[in-house]
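Notes for the one structure printed next.
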Protein chains: 2
Amino acid sequence: MASATTPVPGSPDWWASRPPAPTYRRGRPPMDVDRIIETALKLIDEVGAQALTLRMLADALDSGTATLYRHFNGKDELLALVADRILGEVRVPPEESAGKSWREAATVAAEAFHGTLCRHPRAVPLLAAQVPVGPNGLRARERLLTLFLSHGFSVRLAARAYTALGHYVTGFAIQQYGPGSPRPEDQVHLRGYYRSLDPAAYPATAAAADDLTSVPLQEEFRFGLELLLDGLEQARLRESQVCGDAVER
Amino acid sequence: MASATTPVPGSPDWWASRPPAPTYRRGRPPMDVDRIIETALKLIDEVGAQALTLRMLADALDSGTATLYRHFNGKDELLALVADRILGEVRVPPEESAGKSWREAATVAAEAFHGTLCRHPRAVPLLAAQVPVGPNGLRARERLLTLFLSHGFSVRLAARAYTALGHYVTGFAIQQYGPGSPRPEDQVHLRGYYRSLDPAAYPATAAAADDLTSVPLQEEFRFGLELLLDGLEQARLRESQVCGDAVER
DNA sequence: ACCTGAACACCGTTCAAGT
DNA sequence: ACCTGAACACCGTTCAAGT
């Protein structure tokens, strides 16, 4: 029943089959694989994950493509490692969340995640492509789940809240930075496009042209986030009314 | 200021530069480009957009790769056409929305969109990668905006509601069907993985392992959608309280 | 006028030969 | 034991030669 094939890079099985700590072989410095990932991320930020070439990466490292294969088994593995590397950049100040409500803390966490994605726009498709289960992905998931649980969410609702928030942030970022809209000034282009449409055929779109495009994306992100949190607030109230039990104090 | 380069396939400029009607040249039947897209979609459903090869497509059409270039300028253009083709599959029964509330109608629309994405799981990255401004994308946007406007939403709120819903559906689908989780049985794998984690290091994730993975994804989709609609309902109430004016009847 | 075989530059990947 | 030049199969794309 269980397949004997190599696990898909980025999948749970793949991460589980990796050496637990960053592959310290013998007494050599651990610079190797980290430096490759760091350089790959820098190149991806410049040209995009699609356009990144192993030859390009090898050149930047003053090496050859064959050498890269001593540290990972192909480009897919490299991209999975880079994706988790980016997740490791998300910084949520833990001291802040102490005195704050779950809602404030969730807002800070979602915006920290979104901010990190904004710093690596060309890498967003990497993050959106799969459920992040690398070490840094696990850490982020754990932190967010703990946040909800510690504020009285049931396990069930906490799990759903995490998934909904994660989907929203990555979904938003990929539409914001997808390959179809690489330039920031595309909003203006898009507005002109909506305006130029036949008002008879597209009355609503033409009327909403400005509102569809003029809103700063940061503000738009906040708006959708507030919608989700409003909904979560109601779900939590419903839950505590029906069951009357908080999971923990 | 304006660049003289070829517009990016899938961008507004690119769509605008295309022949408005499906390129009827002379009196030849319009089967050509449509048949290519149809065949490409079938192949993408089987092997994924990444693995689709122009040679593979040409073979399936009993032709050569060079012939394909007579109908579009490269693979990116083909993929943009396929993406809009998929959007054209979304069917929202218009008669249904007549007697329904905006909330019911929005639910039907979101689930129709989600259902279409579920029928083409391997093509989802195509849809998530950019703002859809092809003819079918425009049609869907127009329909949804009209829905909100006709139920008293302000233009501003309607635009944001559309964006939030669209982000949610595509964001959800890409996480559901991304290349990292191609198989349906991966949920079970993922649960085993969460359970196998060190409970000391990941107490919340281990505790929520079942809730993170056992929920049917269809139900999970509904849950997040309800959250969004709850939030929209509140935003609409706030809006009508403050302004006191409905846009139209 | 339209189609296409054959080539081109380049990709990810492999391996035998180096040190 | 570790590295890597050089090759391999194959990709998207082009163009001169066919009909």
Side-chain angles (χ1 to χ4, degrees), chain A residues 5-10 14 19 22-37 39-40 43-44 46-83 125-126 129 179, chain B residues 5-10 14 19 23-37 39-40 43-44 46-83 122 125-126 129 179:
Chain A
T5 59
T6 318
V8 178
W14 179 77
T23 133
Y24 286 75
R25 308 189 192 186
R26 300 295 167 87
R28 284 212 285 107
M31 290 292 291
D32 287 341
V33 93
D34 285 350
R35 219 181 53 128
I36 295 175
I37 295 174
T39 309
L43 288 172
I44 288 173
E46 290 171 14
V47 302
Q50 183 96 358
L52 171 71
T53 279
L54 292 188
R55 266 167 250 265
M56 188 188 306
L57 177 58
D59 282 352
L61 292 163
D62 284 320
S63 179
T65 56
T67 306
L68 297 176
Y69 278 78
R70 293 199 55 77
H71 298 97
F72 45 81
N73 299 315
K75 192 180 179 183
D76 286 345
E77 288 202 9
L78 171 71
L79 295 182
L81 292 169
V82 170
L126 257 42
Chain B
T5 59
T6 318
V8 178
W14 179 76
T23 130
Y24 286 75
R25 306 190 194 186
R26 301 296 169 85
R28 286 212 284 106
M31 289 291 292
D32 286 343
V33 92
D34 285 349
R35 218 182 56 133
I36 295 176
I37 294 173
T39 308
L43 289 172
I44 288 172
E46 291 171 14
V47 302
Q50 182 96 359
L52 172 71
T53 278
L54 292 187
R55 267 168 250 264
M56 187 188 306
L57 177 58
D59 283 352
L61 291 163
D62 285 320
S63 180
T65 57
T67 308
L68 297 176
Y69 279 77
R70 293 198 56 76
H71 299 97
F72 45 82
N73 299 314
K75 193 180 178 183
D76 285 346
E77 287 201 11
L78 171 70
L79 295 182
L81 292 169
V82 170
R122 319 205 70 150
L126 258 43

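Reminder, nothing fancy here: chain letters follow the sequence lines and each chain counts from 1.
- C:dG12 atom P lies 10 Å from atom CG of A:L79, rounded to whole Å.
- In this structure, B:D76 CG and B:W14 CH2 are separated by 9.5 Å, a value rounded to the nearest 0.5 Å.
- Remark: A:S63 engages A:T67 in a side-chain hydrogen bond (donor to acceptor under 3.5 Å, both in side chains) (not counting sequence neighbours).
- Of the residues in residues 57-68 of chain B, those with a non-hydrogen atom less than 4.0 angstrom from any atom of DNA chain C are B:S63, B:A66, B:T67.
- Applying the side-chain hydrogen bond (donor to acceptor under 3.5 Å, both in side chains) rule to B:N73 yields the partners B:E77; only residues at least two apart in sequence or on another chain are considered.
- Other residues, nucleotides and ligands place more than 12 heavy atoms under 6.0 Å from the CD atom of A:E46.
- Across A:P9 and A:A80, no two heavy atoms sit closer than the pair C-CB, 4.2 Å.
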query: Passes side-chain contact (heavy atoms from CB on, under 4.5 Å), B:I44 versus B:L79? Steps please.
result: CA-CA 10 Å; B:I44 288 172; B:L79 295 182; 3.9 Å; yes
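- Spacing between atom CZ of A:R70 and atom P of D:dC3 amounts to 5 Å, rounded to whole angstrom units.
- Between the A:K75 side chain and the A:T53 main chain, no donor and acceptor come within less than 3.5 Å of each other.
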query: In dot-bracket, 5' to 3', how would DNA chain D read with Watson-Crick or G-U wobble pairs under 3.5 Å, [ ] for crossing ones and | for pairs to another strand?
result: ||.|||||...|||||.||
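- When rounded to the nearest whole Å, the span between OH of A:Y69 and P of D:dG5 equals 16 Å.
- As rounded to whole Å, 9 Å separates atom P of D:dC11 from atom CG of B:L54.
- For B:A60, the side-chain contact (heavy atoms from CB on, under 4.5 Å) partners are B:T39, B:L43, not counting sequence neighbours.
- For B:Q50 and D:dC10, the CD to P distance is 17 Å, given to the nearest whole Å.
- Atom-to-atom, CG of B:N73 to P of D:dT13 comes out at 9 Å; the value is rounded to the nearest Å.
- Counting to the nearest Å, the P atom of C:dT13 and the CE atom of A:M56 are 15 Å from each other.
- Distances were taken from every side-chain heavy atom of B:T53 (C-beta onward) to each of C:dT13, D:dC2, D:dG12; the shortest belongs to D:dG12.
- Separating the NZ atom of A:K75 from the P atom of C:dT13 is a distance of 9 Å, rounded to the nearest angstrom.
- Judged as a side-chain contact (heavy atoms from CB on, under 4.5 Å), and not counting sequence neighbours, the contacts of A:L68 are A:I36, A:L54, A:L57, A:A58, A:L61, A:F72.
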